[in-house]
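Below is one structure, written out as structure tokens, with a few remarks after it.
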Amino acid sequence: MNDTLKIEKKWQKYWEDNKTFKAETGSEKKPYYILVEFPYPSGAGLHVGHVRSYTAQDALARMMRLQGYNVLYPMGYDAFGAPAEEYAIKTHQHPKKVVEQNIKVFGNQMKSLGFSFDWDRAFSTTDPEYYKWTQWQFIQFFKHGMAYKAETKVNWCPKCKMVLSNEDAAGGVCERCGSEVEQREKSQWMLKMASYSEDLLKGLDDTNFADRVKLGQINWIGKSSGVEMDVEIVGGGKFSIFTTCIETVYGITFFVIAPDGKLINELMPRVENKDEVMAYIKETSLKSAMDRTELNKGKSGVLVKGIKAINPINGQEVPIFLGDFVLGDYGTGAVMAVPAHDQRDYEYAKEHNLDIVQVIEGDISTKAFEKQDYLGKGTKLMNSEEFTGMTVEEAKEAITNKLEDMGIARRVNNYKMRDWVFGRQRFWGEPIPMINCPECGWVPVPDSDLPVLLPDVTEYEPTDTGESPLAKIEEFVNCKCPVCGHDAKRETDTMPQWAGSSWYFLRFMDPHNKEEFASMDAMKYWNKVDWYNGGMEHTARHLLYARFWVQFLYNIGLVPNKEMIWTRVSHGMVLGADNVKMSKSKGNVINPDDIVNEFGADTLRVYEMFMGDYQMDAPWSTDSLRGCRRFLDKVIRLKDKVNDEDGFTKDLELLQNKTIMKVEYDMTHLGYNTAISSLMILANKYDELDTITKKDYNLLLVLLNPFAPHITEELNEQIGYRPICEGTWPVYDEAKTVELTKEVAVQVNGKVRATITITIDDDEESMKEKALDCENVVKHIEGKEIVKVIVIKGKIVNIVVK
RNA sequence: GCGAGUAUGGCGGAAUUGGCAGACGCGCUAGACUUAGGAUCUAGUGUCCCAGACGUGCAGGUUCAACUCCUGUUACUCGCACCA
């Protein structure tokens, strides 16, 4: 083992032995909760990307502890999920074993990097003591009518043999394996997430998420405000449509209804071309989500013969079409078609030779004149009876009012967000704690019987039928109804991986509680996650699920705040040296263990903080890493300059105060790279001197400690100081961060011609005088007329001449 | 298609409020020390027609002053994608 590693091990042991980073619930100190997304412990081990965010948060945690905060910086494992299960199947072991091994590897790796986690609070989502509470919370969802079983069309991945959520199947492709997703009917547990759409939107006001994170949430929820309008069918019956553009109601030339919606089935007896319609419905149901949402394909559809609808605003009879671009589960599953002002309807009308009626002034000769073309521009209506001549905005309001007065329309909001498909036909997940009794129906497992444990079996391969592997294990399935005692069967689906990560941050507040998932007292003490960091890829889904989960718990009185996460920030990826995502197949993967062994954990930590803008992707560079090692070597060498004098070196005072201020500011503003650069500047300054005091040296070490905790502790000990981790953060004197004299530029017509040295007392007038004294300035203004002189105190002089 | 983000030397990146563009690091050049150098130290390093001029994707604009603000535009990245 080399010296660097010996030193690192020494201090890691010191922190462990002294429980240096233990977070005390209820402590008098001000609590501060710093969270990083806990990893999925894959077989590949820790990624250098993990190191980036864990180090950033670690640095913040270490600084804030020295500043007197009671910092909670926990770590755990999100270990349910398909990869572990697949690997276990391949190697014929229980996934539990695979996960145990991986967790051990991850734990050792993280410890070798010196992260200041409170390891006493660590857990895995796969621990029965943890998933007991995940199951218990599911039962609360059920008891409050928020969980239900429904026959739904689900996204089915034929390769993974499992059902996927809409989010997992985004784009019609399996998130995990990339296979094309099929549609299957399946009875599924669902959580009523859609009913929280508005709350999840409003809740964002109670957070301090980065703008791009908030936006991601808003886009997923996908709110649109519009009007729902009833439409009569000739010869009886009616249906509703949803539109955001009611101002175009006079332009309706047909309606389109969803082939997978309920409406067409109701109308079927009166349909004249049943065969054609049925065939189209069948055709649609066979299409995968991908085919159906594929752009640049013809607008398919069939005319529903024998049925006409009446445009309620003017009584006009128009045809009804079946078209697969209308989705059965969004809005009302039916739309009004206004080809003049909606490009999709325009194309549909062209394809099927339908009328186009223009109702808003604009050019529709080659394409539709759509809302983005006319909104907010004072554009006027035409062909719209009494509304003709009104602006679009006025008409929107007036037409809605009229339809409301007629009693056939309502203002409504629609949301893209759907209910959460909560079942997975997988072995390696939390069993859904429900029992199906022929007498009583679905009954939750009593609290006293929780957790419902995963059986210790070796056969758990997914089935081709789509049933969970648990269904084949009789001793698991067969049970008694807890209500009536009748023979009953357990639910065999398990929960999605998102379940465990939806509330883990609450458990960290009180991880050993045997009575509750976390006590209200503990949660009130820590209050919220103050600073949550994770990948951009999780800012939509994980964060939304977690917020939904928390809001539900809040509504039933189990957590103290409606939002339990205050600030959310996200980091950029660490790319390979070739500037593309690291992957085995590209052979550009950097293993953090190798770097720690060769250069030390401190070097890796400093490098990953220095490599670039924290929020942006950055390519790996071993050369730059070496540069960081050289910086630490320089810090080590500076020890030879330490003298026995008391206090600080006077000449360093200004820079020292400025550096403290900068490091502090940067660390709380994601400016880790500039914090390190300011420390390099300070070290360079020390290096210019022949000798520095112990206090000078100690100051540098303390400021650098959050980034390079091992070597700084070691050097600090060598000059005879008490451990940094038991000390305090330096306080800067603001008055001493301002230079008494400095150089400022003098411009003539905006071009720098000279610099002058000014003191803090120099006012505008004296700056001007000094500027006009400069030889080079005189040269450039000679023979010209001075129009004016702009002087910004302490910053710049600009002389404008003609 | 919609939404968001990004664009600065050979490279990663700085520039907190409009105020000397290129901090800091890498790389490179020359030199010192050295058996040696992937160590250390010194000097240099945006471009060019070098007393000066030009330079932050491109074209305009506002301003005494623009990487920063405004208008338009291009390229790339990410997210969503027939959402009525």
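What you see is a predicted model, and the numbers here were worked out from it, not measured in a lab.
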Take nucleotides 39-48 of chain B nucleotide by nucleotide from the 5' end and write B, S or -, depending on whether a protein heavy atom sits under 4.0 Å from the base, only from the sugar-phosphate, or from neither.
SSS-------

For B/C83, does OP1 or OP2 lie under 4.0 Å from any side-chain N or O of A/Y415?
no

Is any NZ, NE, NH1 or NH2 atom of the basic residue among A/E228 and A/R411 found under 4.0 Å from an Asp or Glu carboxylate oxygen of the other?
no

Enumerate donor-acceptor pairs with a distance under 3.5 Å from any side-chain N or O in residues 745-752 of chain A to protein atoms, sequence neighbours excluded.
{"from": "A/N749", "atom 1": "OD1", "to": "A/V801", "atom 2": "N", "distance (Å)": "3.0"}
{"from": "A/N749", "atom 1": "ND2", "to": "A/V801", "atom 2": "O", "distance (Å)": "3.4"}

Nearest whole angstrom, please: distance from the C1' of B/C80 to the CZ of A/R418.
12 Å

Whole-angstrom distance between B/G9 and B/G55, as gauged at atom P:
14 Å

Could you run down nucleotides 7-24 of chain B 5' to 3' and tag each one B, S or - for protein heavy-atom contact under 4.0 Å?
-----BSS-B--BB--BB

Applying ring pair (Phe, Tyr, Trp, His ring centres under 6.0 Å), can you list everything that pairs with A/Y196, at least two apart in sequence or on another chain?
A/F548

Whole-angstrom distance between B/U56 and B/A66, as gauged at atom C1':
11 Å

Round to a whole Å and report the spacing from CZ of A/R626 to C1' of B/G25.
14 Å

Say we look at B/U68 and B/A15: how far apart would their P atoms be, to the nearest angstrom?
15 Å

Can you list everything that forms a side chain to side chain donor-acceptor pair (under 3.5 Å) with A/H341? Sequence neighbours excluded, please.
none

Quick one about A/D230 and A/S240 (side-chain donor to acceptor, distance below 3.5 Å, no hydrogens or angles considered), yes or no?
yes

Inter- and intrachain pairs under salt bridge (Lys or Arg N to Asp or Glu O under 4.0 Å), touching residues 608-637 of chain A, at least two apart:
A/D623-A/R626, A/R629-A/D633

Which is true for A/S621 with a 4.0 Å heavy-atom rule: it touches a base, it touches only sugar-phosphate, or it touches nothing?
nothing

Watson-Crick or G-U pairs under 3.5 Å in RNA chain B, rendered as dot-bracket with [ ] for crossing pairs and | for another strand:
(((((((..(((......[....)))((((((.......))))))(((...)))..(((((..]....))))))))))))....

Could you go through the salt bridge (charged side-chain N to carboxylate O under 4.0 Å, His left out) check for A/E247 and A/K371 one step at a time?
CA-CA 10 Å; A/E247 65 276 10; A/K371 59 181 165 190; over 6 Å; no

Chi class for B/G9: syn within 90° of 0, otherwise anti
syn

Taking atom P in both B/C2 and B/U73, compute the distance separating them and give it to the nearest angstrom.
11 Å

For A/K586, the side chain to side chain donor-acceptor pair (under 3.5 Å) test, sequence neighbours excluded, returns none

For B/A4 and B/U16, measure between their P atoms and round to the nearest Å.
24 Å

So, A/K658 and A/E739, do they make that salt bridge, N to O below 4.0 Å?
yes

For A/G331 and A/F599, take the nucleotide of RNA chain B holding the closest heavy atom to each; which residue's nucleotide lies nearer the 5' end?
A/F599

Report yes if at least one side-chain N or O of A/R344 is closer than 4.0 Å to OP1 or OP2 of B/C83; otherwise report no.
yes

A/K784 has an atom NZ; how far is it from atom P of B/C64, in whole Å?
18 Å

B/C26 P sits how many Å from A/L632 CG, rounded?
12 Å

Parallel, tilted or perpendicular, judged at 30° and 60°: which one describes the rings of A/Y672 and A/Y614?
perpendicular

Distance between the C1' atoms of B/C26 and B/A14, in whole angstroms?
14 Å

So which one's nearest nucleotide on RNA chain B is more toward 5', A/T332 or A/N219?
A/N219

Determine the contact category for A/K788: base if any of its heavy atoms lies under 4.0 Å from a base atom, sugar-phosphate if only primed atoms, P, OP1 or OP2 are that close, otherwise nothing.
sugar-phosphate

Review item, nucleotides 49-53 of chain B N/O atoms under 3.5 Å of protein N/O:
{"from": "B/A53", "atom 1": "OP1", "to": "A/R753", "atom 2": "NH2", "distance (Å)": "3.2"}
{"from": "B/A53", "atom 1": "OP2", "to": "A/R753", "atom 2": "NH1", "distance (Å)": "3.3"}

Distance between the P atoms of B/C20 and B/G31, in whole angstroms?
37 Å

Please list, chain by chain and in numerical order, all residues satisfying salt bridge (Lys or Arg N to Asp or Glu O under 4.0 Å) with A/D578, sequence neighbours excluded.
none

For atom P, what is the distance between B/U8 and B/C28, given to the nearest Å?
22 Å

Quick one: label A/G627 by what it contacts on the DNA or RNA (base, sugar-phosphate, nothing), any heavy atom closer than 4.0 Å.
sugar-phosphate

Mind checking what makes side chain to side chain donor-acceptor pair (under 3.5 Å) contact with A/D342, not counting sequence neighbours?
none

Rounded to the nearest angstrom, tell me the gap between atom NE2 in A/H542 and atom C1' in B/G79.
17 Å

To the nearest Å, how far apart are A/L327 CG and B/A81 C1'?
11 Å

Between B/C83 atom C1' and A/F325 atom CZ, what is the distance in whole Å?
11 Å

In this structure, how many angstroms lie between the P atom of B/C64 and the CD atom of A/E785, rounded?
16 Å

Check the angle between the aromatic planes of A/Y665 and A/H669 and answer parallel, tilted or perpendicular using the 30° and 60° thresholds.
parallel

Going by the salt bridge (Lys or Arg N to Asp or Glu O under 4.0 Å) test, which pairs reach into residues 767-780 of chain A, not counting sequence neighbours?
A/D762-A/K770

For B/C24, measure the glycosidic angle (O4'-C1'-N9-C4 for a purine, O4'-C1'-N1-C2 for a pyrimidine) and name it syn if it falls within 90° of 0, otherwise anti.
anti

Report yes if the distance between the aromatic ring centroids of A/Y348 and A/F325 is under 6.0 Å, otherwise no.
yes

Step through it carefully: locate the ring centre of A/F707, locate the ring centre of A/F610, and say whether they are under 6.0 Å apart.
no

